[in-house]
Each structure stands twice: as structure tokens, then as C-alpha cells.
Amino acid sequence: EYMGNLSPLMAQRVARFPSMVVKLLNASKPLAPNTFAFRVPKDAGKFQIANYFEAVYGWQVQKVNTAVMPGKSKRNARFGAYDRPSWKKAYVRIAAPNAEAASAPAAVAPKA
């Protein structure tokens, strides 16, 4: 999946797994303290996403909600009109945010 050119800060937030690339997103709405928003592949299911975070980060995942975000039509002078692809967003809720935040990577740990 196209992830674009990543800055060094964003490159730290991307976790690569043999079958999945996951990117931490800035939430467009306030989330619960133990909930994170991620960009995931469109073919990833809720169970695959939960298993990914349990295997990679050791998080005890309580719930996964997903939403397919529609692509947008863009226009510029050089290339004319084109469409951005649709993508999938996953909201992952973990069981114990305080205990898990200590073991989470710095780029993923919730702000105090």
C-alpha cells in the first residue's frame, strides 16, 4: 500500500510486519485514553489487527473498530483531476493503558 515519503519522525511510527504495515494516526476526534487510531491495509480484518498488536507490542486488545475512509478527488494544474485511493482506519482499545504504556514504543505511548 502507498505510504508516501515519510519524514524521519513518521518513519518511527510505522511498524512493518511480514504481511501488514500499520501507521499511527493523529485522531480527528478526542479518543479514550486507552484507544489509538491506526491506518491499516484494506484487507486486514479485526482479528488480524488484534493479533498483530498482541504479537508485536504485547498489548491486551479489548476491542477493534474499523472504518473504510473514502478516497478524495483532487485537482492540480500539472496533472489535472485524479482520485486518491480509499483506505482503512482501525481504532484499537487496549485493556490497561497505564501498564501497557510503559512497554509501548515512545512513538506510540500515550502522552501524559
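Residues: numbered from 1 along the sequence shown.
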Hydrophobic cluster of Phe79, others only, ordered by chain and residue number, side-chain cut-off 4.5 Å | none

Rounding to 0.5 Å, atoms CD1 (Ile49) and CZ (Phe38) come to a distance of 10.0 Å

So how far is it from Lys23 NZ to Trp87 CH2, rounded to the nearest 0.5 Å?
-> 9.0 Å

For residues Lys29 and Tyr91, report the shortest heavy-atom separation together with the two atoms involved.
-> CE-OH, 4.1 Å

For the student: nearest non-hydrogen atoms of Pro41 and Lys88, plus distance = O-CD, 3.7 Å

All side chain to side chain contact (heavy atoms under 4.5 Å, CB included) counterparts of Lys72, not counting sequence neighbours | Lys74

Can you name the side chain to side chain contact (heavy atoms under 4.5 Å, CB included) partners of Ala32, sequence neighbours left out?
-> Asn34, Thr35

Partner residues of Asp83 under the side chain to side chain donor-acceptor pair (under 3.5 Å) criterion, sequence neighbours left out = Ser73

Decide if the gap between the ring center of Phe53 and the ring center of Phe36 is smaller than 6.0 angstrom.
-> no

Within one Ile-Leu-Val-Met-Phe-Trp-Tyr cluster: Val56 and Val61, side-chain cutoff 4.5 Å = yes

Could you pull out all donor-acceptor pairs under 3.5 Å where a side-chain atom in residues 63-71 meets a protein atom, sequence neighbours excluded?
none

